[in-house]
Amino acid sequence: PTLEDDTPAGQWVRGVRKVYENITTAFMRGEIDSMRFSFPCRYFSDEYVWLEKIGEVYEADPDGKPIRSIGILRDMTVDKRHEADVQAKRLAEESDRMKSAFIANMSHEIRTPLNAIVGFSTLLAESDDEEEKKEYLRIIESSNEFLLQLIGDILDISKIESGKMEFIYTTLRLSEIFAPQQQAFALRVAPDVKVIFESDGNDYCIVSEKTRLTQVLTNFLSNAVKFTSSGSIRFGYRLTDDGIYVYVTDTGMGISKESQASIFNRFVKLNSFKQGTGLGLSIVKRFTGLMGGGIHVTSVQGSGSTFTVDLPFGKIKESGKPTRFSDINGRNDLAKDCYAVDYDFNGKRILLVEDNELNREIAEELIGVTGASVESAEDGVQAVEMFKESAEGYYDLILMDVQMPHMDGYEATRCIRALGRSDAQKVPIFAMTANAFAEDVQKSREAGMNAHISKPLNIRAVYKQMNRYLQG
């Protein structure tokens, strides 16, 4: 950078030059009787060096103006480099400390649900009491959910830090995100707590990042559930001129002013005895920032808290206004609870494509209980051949693993869709994969798949999606 550069670096150089001139002028006028400052320059070569200038007045006239002064100009580049090395070392040590703390936290958080899963699985195998079995299964399922959330948080942090977090904006229906949460979280709160979704009566469609918006809402609600033992949890949204305003208000324990300053930092837990990683709010804050929004908390200790998020969104109509859902056709409401016993797929034939034998066995059992007939393929090549050799309309649905040897699920789907027969375009194909990011869902859609199901399988979600395409 030079004095003429119209860049931040050039502006910095000009600023240093101005400070240098001001100090020197003040010294020469007798306004100060000593000076000491350092500055970068390129006096001796094209490479910047750091110089330190030290001066002191040792004789002045009756008016206080300097007559004689003494000073030195020394090259302190080595000192500056040493200072930079010390700073770099300090940052590296702090990074190592944070990594060690992260590993220690994750080790504890991972082992806790694993211990419950292993222990209660053993008890489940030994118990003959049906009520005990149901309770053990409930605990195992809860531990599974927490473990999956933890893994998701770790992967989110990794993607944010590496700069690889992608946001996929789609047209979404707001009640599709908000309304189902009332029933879902009503099952998780204490007996004396009510969960209330506050709607203005309009079901808007907007353009936003559905996955991250859902994650923001469920994180707020999960925290409210943990810290509210009586009263209510109210949540909803309002549309503003600039975007969507999301809020969750509870009557829980509240947060002290001191804690509010650090609540969005990593590993901050208000109560170490409550289950959680201390990562959720930190991730949500990063999400909202990357999406151009802001996150806020207001709270009174002992009275409750309100968490809010402001997010920009795209408009559907040329008028620039969000669209009510009543203006749009062709969408199904999937916000109802479902259980395996609610579905009967007798007479339906499913092609299951899964290379892992254990995963294939689990999926065959879980889908078989609905009455559907299940045929299996071990990779994409076999799946394409089975479909080609079958009569038109033979398969009603294909459940397709993604990562497989010989031919992956994306390529197998493209091959099936390219076959010159009518059912090749119509047969529903679901991706079943451990790749659970929004960009993975997008890749599934681009390959020609109709739905994306994350592993481990949430069997209720699988049945719900199957019912949508098989009975819808």
Side-chain angles (χ1 to χ4, degrees), residues 149 152-153 156 160 165 167-186 188-189 193-228 231-252 254-255 260 263-264 268 270 276 279-300 303-316 320-325 333-335 438:
Q149 178 191 342
D153 286 349
D156 282 339
I160 290 171
M165 178 60 68
F167 296 90
I168 298 176
Y169 290 83
T170 58
T171 301
L172 62 91
R173 173 186 165 200
L174 282 176
S175 71
E176 190 177 72
I177 295 176
F178 283 78
Q181 307 305 332
Q182 180 170 3
Q183 187 170 3
F185 281 90
R188 297 169 52 179
V189 295
V193 177
K194 291 184 178 181
V195 179
I196 302 168
F197 169 42
E198 298 178 331
S199 170
D200 66 358
N202 292 315
D203 191 2
Y204 296 106
C205 271
I206 64 172
V207 176
S208 187
E209 222 291 359
K210 181 177 180 180
T211 301
R212 304 311 171 195
L213 180 56
T214 304
Q215 195 166 347
V216 169
L217 177 61
T218 55
N219 179 273
F220 286 174
L221 288 170
S222 295
N223 287 334
V225 168
K226 289 178 192 175
F227 299 104
T228 306
S232 65
I233 298 172
R234 298 175 180 273
F235 69 100
Y237 59 84
R238 293 196 298 271
L239 298 184
T240 67
D241 292 338
D242 300 319
I244 179 175
Y245 172 85
V246 178
Y247 65 91
V248 175
T249 299
D250 65 64
T251 57
I255 307 168
Q260 289 177 37
I263 193 68
F264 296 108
V268 172
L270 296 181
L279 295 173
L281 284 175
S282 172
I283 293 171
V284 164
K285 183 176 181 181
R286 295 295 297 274
F287 282 163
T288 55
L290 291 171
M291 293 168 67
I295 185 171
H296 312 279
V297 59
T298 56
S299 182
V300 177
S303 299
S305 305
T306 297
F307 284 84
T308 62
V309 160
D310 296 287
L311 287 174
F313 64 74
K315 313 295 195 306
I316 302 298
K321 296 180 179 179
T323 304
R324 289 176 174 79
F325 185 66
D333 188 356
L334 302 180

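Numbers for residues simply follow the sequence, beginning at 1.
In terms of heavy atoms, Gln182 sits closest to Phe235 at N-CZ, 3.8 Å. For the residue pair Ser208 and Met291, the shortest heavy atom distance occurs at OG-CE, 4.3 Å. Across Ile196 and Ser232, no two heavy atoms sit closer than the pair CD1-CB, 4.4 Å. For the residue pair Val309 and Leu311, the shortest heavy atom distance occurs at CG1-CG, 3.4 Å.
Each of Glu198, Arg238, His296 was scored for a side chain to side chain donor-acceptor pair (under 3.5 Å) with Tyr247, with one residue passing: Glu198.
Interatomic distance, NZ of Lys210 versus CZ of Arg212, reported as 13.5 Å (0.5 Å rounding). A distance of 8.0 Å separates CD1 of Ile255 from CG of Asn223, quoted to the nearest 0.5 Å. To the nearest 0.5 Å, atom CD1 of residue Ile177 and atom CG of residue Leu172 are 4.5 Å apart. From Ile233, atom CD1 reaches atom OG1 of Thr251 across 7.5 Å, with rounding to the nearest 0.5 Å. For the atom pair CG (Asn219) and CD1 (Ile283), the distance works out to 8.0 Å, reported to the nearest 0.5 Å. The distance from atom OG of Ser305 to atom CD1 of Ile263, rounded to the nearest 0.5 Å, is 8.5 Å.
Between Phe220 and Phe307, the ring planes lie tilted relative to each other; the angle falls in the 30° to 60° range.
Side chain of Gln181 to backbone of Thr218: no donor-acceptor contact under 3.5 angstrom is found. Although no hydrogens or angles enter the test, the distance criterion places a donor-acceptor pair under 3.5 Å between the side chain of Ser299 and the main chain of Gly304. Panel note: side chain Thr228, backbone Val225; no donor-acceptor pair is recorded below 3.5 Å.
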Are Leu217 and Tyr237 close enough, and set up right, to give a side-chain contact (heavy atoms from CB on, under 4.5 Å), and what steps lead you there? CA-CA 10 Å; Leu217 177 61; Tyr237 59 84; over 6 Å; no
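In this structure, the side chains of Leu281 and Val297 stay at 4.5 Å or more apart for every pair of heavy atoms. Put simply, the side chain of Val193 does not reach to within 4.5 Å of the side chain of Asp250, judged on heavy atoms.
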